[in-house]
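Bear in mind the structure is a predicted one, so any value in this text is a computation, not a measurement. When reading the values below, keep in mind they use all heavy atoms of this one structure, side chains included, and skip hydrogens, waters and symmetry mates. For ligands, and for the atoms within them, numbers begin at 1 and follow the listed sequence.
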Amino acid sequence: MTKWVYTFGGGKAEGRSEMKNLLGGKGANLAEMASLGIPVPAGFTISTEVCTYFTSNSETYPPDLEEQVNAAMAEVEKVMGGKFGAKTWPLLLVSVRSGARASMPGMMDTVLNLGLNDESVEILAKNSGDARFAYDSYRRFIQMYCNVVLDVDSHHFETLLESHKEKQGQTFDTDLTAEDWKILVKAFKNEVHKHLGKPFPQDPKEQLWGAIGAVFGSWMNKRAITYRRLHGIPSDWGTAVNVQAMVFGNMGDDCATGVCFTRNPSTGENLFYGEYLVNAQGEDVVAGIRTPQPLSLAEKNSMGSELPAMEEVLPPLYTQLVAVRDKLESHYTDMQDMEFTIQQNKLWMLQTRTGKRTSQAALKIAVEMCEEGMIDKAEAVRRMDPAQLDQLLHPMLDPKAAKEVLGKGLPASPGAASGQIVFTADEAEAWAKDGKKVILTRIETSPEDIGGMHVAEGILTTRGGMTSHAAVVARGMGTPCVAGAGDLRVDYAAKTLTAGGVVLKEGDVITLDGASGQVLKGEVPKILPEMTGDFGKLMEWVDEFRTLKVRANAETPLDASTARNFGCEGIGLCRTEHMFFDPQRIIHVREMIVATTEEARRAALEKLLPYQRQDFVELFTIMAGLPVTIRFLDPPLHEFLPHTDADMAEVAKAAGTDVATVKARAAQLHETNPMLGHRGCRLGVTYPEIYEMQARAIFEAVAEVGKKGIKVLPEAMLPLIAVKAEFDRLKQLVDRVAKEVMERTGAKFDYMVGTMIELPRAALVADKIAEGAEFFSFGTNDLTQTTYGLSRDDAGNFLVPYQDLGVIPNDPFVTIDQEGVGELVKIACERGRKTRPDIKLGICGEHGGDPASVHFCHSVGLSYVSCSPYRVPIARLAAAQAALGSGGVHSTA
Ligand code: PEP
Ligand code: MG
């Protein structure tokens with residue numbers, strides 16, 4: 001018999017925290033807490049395997065499930081001392097919640113207070129001594145159950161509630177009496193009857209199975225599907241369902257409910273941190289209707305809160321909660337995010353999980369836990385998600401910049417962002433598609449807004465706390481967020497944001513400072529954070545583990561010095577054409593390409609030589625002895641052509657010819673598929689004088705810096721080689737120029753000549769090319785383009801739908817396609833090594849900075865990856881994690 005159901009509670013459990021795949025994160029951790037002797041309301045978890053059965057068997061259950069559920073419910077009744085569906089006290093009410101393997105906050109459905117009906121509500125009222133509480137619980141149950149299970153939208157009930165309050169002259173829900181709730185329960189039930197043509201289900205068993213089915217069904221709802229796509233969660237994981245005894249935080253002033261983190265999830269500070277509300281249910285803390293209160297006095301002081309802390313209001317329970325915090329953090333050796341409820345002075349833990357945290361917090365927690373001896377260096381390195389590290393490299397507001405503060409909210413997710421105000425998630429998506437930077441500005445956000453939140457530069461809400469939906473989701477995404485900015489007013493109808501006397505319209509620019517909570521007018525200048533302190537420490541540890549070297553793709557002195565600050569170990573790709581586009585130079589480049597004779601071409605190239613040489617002198621000086629790979633001219637000449645009449649006239653003048661000749665030459669050079677045209681080494685083969693000039697510039701620069709005592713190891717790299725003969729011809733040219741320069745200058749230097757592997761043919765004949773090539777650098781941008789037969793420039797239009805449809809798992813231009821492109825890389829490595837066992841192998845396509853691709857590069861034994869300067873730390877971390885055989889393998893895109 002398959003075991004589908006696992007019970008927990010009363011100091012024991014059938015599950016364990018390692019059983020997340022089967023029990024989901026929530027169920028596995030509830031089981032673990034119960035086994036640790038932490039007070040957890042008893043319950044049971046229906047496994048993810050039932051979800052898989054349910055989705056693949058037309059929403060039916062395994063035949064023996066019901067029997068197992070009944071047995072588990074009997075066990076819960078025994079531990080909690082109540083009866084589910086009883087007609088007498090004590091009653092057992094339950095919650096039914098989803099719980100997937102990976103946390104998907106707010107993405108799936110929950111039903112609370114299940115088991116209430118017209119009879120049991122009376123029993124609850126009588127025995128709790130609080131009729132108001134009983135009827136409030138019943139109406140919440142009807143509302144949630146209808147929304148989740150019966151498809152009757154919550155707003156129908158909200159409307160009834162609002163009109164009742166208006167009639168009675170009441171403002172807050174807390175103003176309503178037992179009698180009011182009784183009237184509303186009746187109205188709610190009538191509403192259900194109106195929509196469904198039948199009464200609200202009274203049988204607790206029917207309610208239970210309805211809720212179980214709805215939670216399993218919610219795995220396939222639209223927002224869960226979107227969330228999974230954004231977070232790379234496979235749909236076949238399924239969710240578990242947790243059925244758990246209800247405990248109530250809303251039965252009076254000796255009751256409370258809250259959420260807390262063992263350390264501050266925003267800053268990482270080792271300070272117990274959280275929010276709670278007296279006399280409330282869990283949903284009230286995150287709903288943003290009442291302002292939650294701080295847990296500890298330290299937190300209260302640090303936030304400047306006026307509200308009483310739990311430490312003051314419920315001191316013995318606070319002490320118990322602190323003990324649970326200590327126990328859970330040292331048990332899991334990681335920061336935990338917990339939910340608790342206090343019912344009549346008894347503490348119950350409802351959840352614990354590894355807490356989501358900002359990148360700053362992740363870094364601080366990893367480093368401090370290592371220094372506290374809780375984890376070792378390898379674990380600290382494993383803990384840091386490379387995508388999170390990326391956020392640490394992002395800008396903060398320049399403290400010296402002038403600022404006009406419009407208002408202040410909670411510092412919900414750090415980082416600074418500027419953009420145009422939009423008021424709906426759909427608009428955010430539409431504007432972002434047009435290339436605009438937007439700040440999604442909402443009263444509060446909900447799971448439906450996920451798409452818009454994802455594309456926004458920053459998120460601003462006027463309602464909600466640090467654990468509101470906006471705050472939690474923004475932190476997870478690393479998007480700057482200011483939440484609950486109560487002194488700002490959003491008017492959706494007028495599309496305005498009002499702050500003090502200032503009225504801002506849709507499209508106006510604002511800046512958010514997610515670190516201070518400030519909302520500022522206009523675009524405020526930003527600066528990059530320092531790479532010292534905890535960051536420096538972690539990166540030192542990273543370097544102790546990795547075996548892959550990390551270089552940078554850089555050609556300007558600024559990029560090269562940035563990359564060095566980030567710890568690069570050389571330049572893996574200097575794209576020399578980027579040096580050609582400078583306005584002072586482009587005219588000579590154009591002169592060169594419109595030239596019709598070799599002599600004229602050489603004359604133009606002669607003018608470019610000093611610029612190019614000076615570029616290399618600067619690069620070599622900055623890299624101070626580290627290897628520098630210089631790629632010879634790669635793009636089609638087509639790209640340099642003059643376009644306007646004025647440009648044509650200027651080129652004609654410089655070249656001493658007429659406009660008609662320039663136009664004719666431009667027409668001659670025009671290509672239909674320039675990416676597959678006259679580019680790369682094909683230019684060097686047909687116009688050798690171009691590569692000759694570049695080789696001369698390189699070697700003369702080597703000789704020049706050599707005089708200053710700087711030793712350089714230039715690596716001359718030939719692009720887009722397809723056949724060995726191309727390589728051999730061009731290597732001869734490079735060797736000849738090197739010899740000439742050595743003879744002329746008297747300098748002696750070493751250099752290497754190698755190739756990019758960017759074409760499938762090159763990968764297949766790598767053994768032959770390696771006879772002359774001393775290194776290969778995989779140009780996986782072009783290799784992906786040519787392997788897939790996909791244009792790098794045009795593929796965006798269908799790659800997104802392809803991913804949505806599950807045709808491909810990732811954008812192959814972001815994360816290397818291991819199956820196809822990766823196979824060619826492997827073949828080229830093997831064949832290259834066969835001819836030249838010590839051949840140097842690296843990668844310089846965009847993939848070099850993508851963590852999942854870095855893992856692949858490590859696995860095939862490349863010696864280095866090369867990526868854009870800002871991704872150097874990410875690549876270093878990913879390389880260390882690859883060496884440790886674990887860690888984040890998510891794409892950073
Ligand atoms: C490549 O093709 O991967 C590469 C690095 O070259 P480029 O992007 O300049 O074509
Ligand atoms: Mg290329």
Side-chain angles (χ1 to χ4, degrees), residues 550-556 559 563 568 570-581 628-640 671 673-684 690-691 694 715-722 726-727 730 754-763 766 769 773 775-796 811-818 820-822 824-825 828-829 840-850 853-854 856-857 860 862 864-872 875 893:
V550 177
R551 297 195 192 182
N553 294 354
E555 40 277 326
T556 64
D559 280 354
C568 81
I571 289 181
L573 175 64
C574 163
R575 292 175 162 108
T576 51
E577 59 272 15
H578 288 189
M579 300 162 153
F580 279 38
F581 282 108
V628 178
T629 310
I630 297 155
R631 179 179 73 189
F632 286 71
L633 193 67
D634 179 46
L637 291 182
H638 163 107
E639 278 190 17
F640 295 99
E671 291 179 324
N673 285 315
M675 268 301 188
L676 298 176
H678 197 180
R679 60 168 286 211
C681 66
R682 298 160 196 169
L683 293 172
I690 300 179
Y691 277 25
Q694 293 197 288
E715 298 171 347
M717 183 156 79
L718 302 167
L720 220 74
I721 294 287
E726 289 171 327
F727 182 84
L730 293 172
T755 179
M756 295 185 79
I757 301 285
E758 296 176 282
L759 299 171
R761 190 181 197 286
I769 296 174
F775 66 88
F776 289 167
S777 177
F778 291 95
T780 42
N781 302 333
D782 274 310
L783 191 58
T784 301
Q785 167 166 263
T786 49
T787 301
Y788 261 99
L790 268 183
S791 157
R792 278 162 78 166
D793 305 315
D794 303 324
D811 180 339
F813 290 107
V814 174
T815 296
I816 199 159
D817 153 45
Q818 294 195 21
V821 177
L824 284 168
V825 171
C829 288
K840 196 162 172 179
L841 301 167
I843 182 175
C844 62
E846 282 306 300
H847 306 89
D850 168 69
S853 311
V854 172
F856 169 77
C857 295
V860 294
L862 298 192
Y864 69 88
V865 295
S866 188
C867 56
S868 62
Y870 281 99
R871 294 179 117 193
V872 166

Hey, which atoms in ligand 1 end up nearer than 4.0 Å to a heavy atom of [X]?
X    : answer
R575 : 4 (C), 5 (C), 6 (O), 7 (P), 8 (O), 9 (O)
C844 : 5 (C)
D782 : 1 (C), 2 (O), 3 (O), 10 (O)
L573 : 5 (C)

State, with a plain yes or no, whether a side-chain heavy atom of [X] is found less than 4.5 Å away from one of [Y].
X    : Y    : result
L718 : Y691 : yes
C574 : M579 : yes
S866 : I843 : no

Original post:
To the nearest 0.5 Å, what is the distance between OG (S777) and CE (M756)?
Top reply: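 Rounded to the nearest 0.5 Å, the OG-CE separation comes out at 5.0 Å.
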
- Between atom CG of L676 and atom CG of D782, what is the distance when rounded to the nearest 0.5 Å?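 L676 atom CG to D782 atom CG measures 8.5 Å (nearest 0.5 Å).
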
- Is a side-chain donor or acceptor of T784 paired with a backbone partner of I816 at a separation under 3.5 angstrom?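 Checked: no pair found.
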
task: Measure from the side-chain N and O atoms of N781 to the backbone N and O of E846, and report whether any donor-acceptor pair falls under 3.5 Å.
output: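 Checked: pair present.
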
N/O to N/O below 3.5 Å, does that happen between G779 and ligand 1?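 N/O-N/O distance under 3.5 Å: yes.
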
Any nitrogen or oxygen of R631 lying under 3.5 Å from a nitrogen or oxygen in ligand 1? Just yes or no.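 Right, the criterion is met.
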
_Testing E671, R682, M675 one by one against P636 for a side chain to side chain contact (heavy atoms under 4.5 Å, CB included), which residue passes?_
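Between P636 and the candidates, side chain to side chain contact (heavy atoms under 4.5 Å, CB included) is satisfied uniquely by E671.
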
_Applying the side chain to side chain contact (heavy atoms under 4.5 Å, CB included) criterion to M717, which one of I630, T755, T576, L573 satisfies it?_
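With M717 as partner, side chain to side chain contact (heavy atoms under 4.5 Å, CB included) holds for just one option, L573.
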
Just to be sure I'm reading this right: ignoring hydrogens, which of D634, N781, N553 gets closest to atom 3 (O) of ligand 1? Compare them by their nearest heavy atoms.
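Among D634, N781, N553, the closest heavy atom to atom 3 (O) of ligand 1 belongs to N781.
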
Quick one: look at M756 and ligand 1, take heavy-atom pairs under 4.0 Å, and tell me if it's side chain, backbone, both or neither.
->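 M756 to ligand 1: side-chain contact only, backbone stays beyond 4.0 Å.
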
task: Mind checking whether T780 contacts ligand 1 via backbone (N, CA, C, O), side chain (CB onward), both or neither, at a 4.0 Å heavy-atom cut-off?
output: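 The answer is the backbone.
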
Item to complete: Step by step, work out the salt bridge (charged side-chain N to carboxylate O under 4.0 Å, His left out) result for E577 and R679.
Response: CA-CA 11 Å; E577 59 272 15; R679 60 168 286 211; over 6 Å; no

Against ligand 1, does Q785 come closer than 4.0 Å with any heavy atom?
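In this structure, Q785 fails to qualify as a contact of ligand 1 - no heavy atom is under 4.0 Å.
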
- Polar protein atoms near the Mg ion (ligand 2) [N, O or S; cut-off under 2.8 Å]: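 The answer, once waters are left aside, is E758 OE2, D782 OD2.
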
query = Does the pair V860 and L841 meet the rule for a side-chain contact (heavy atoms from CB on, under 4.5 Å), with working shown?
reply = CA-CA 10 Å; V860 294; L841 301 167; over 6 Å; no

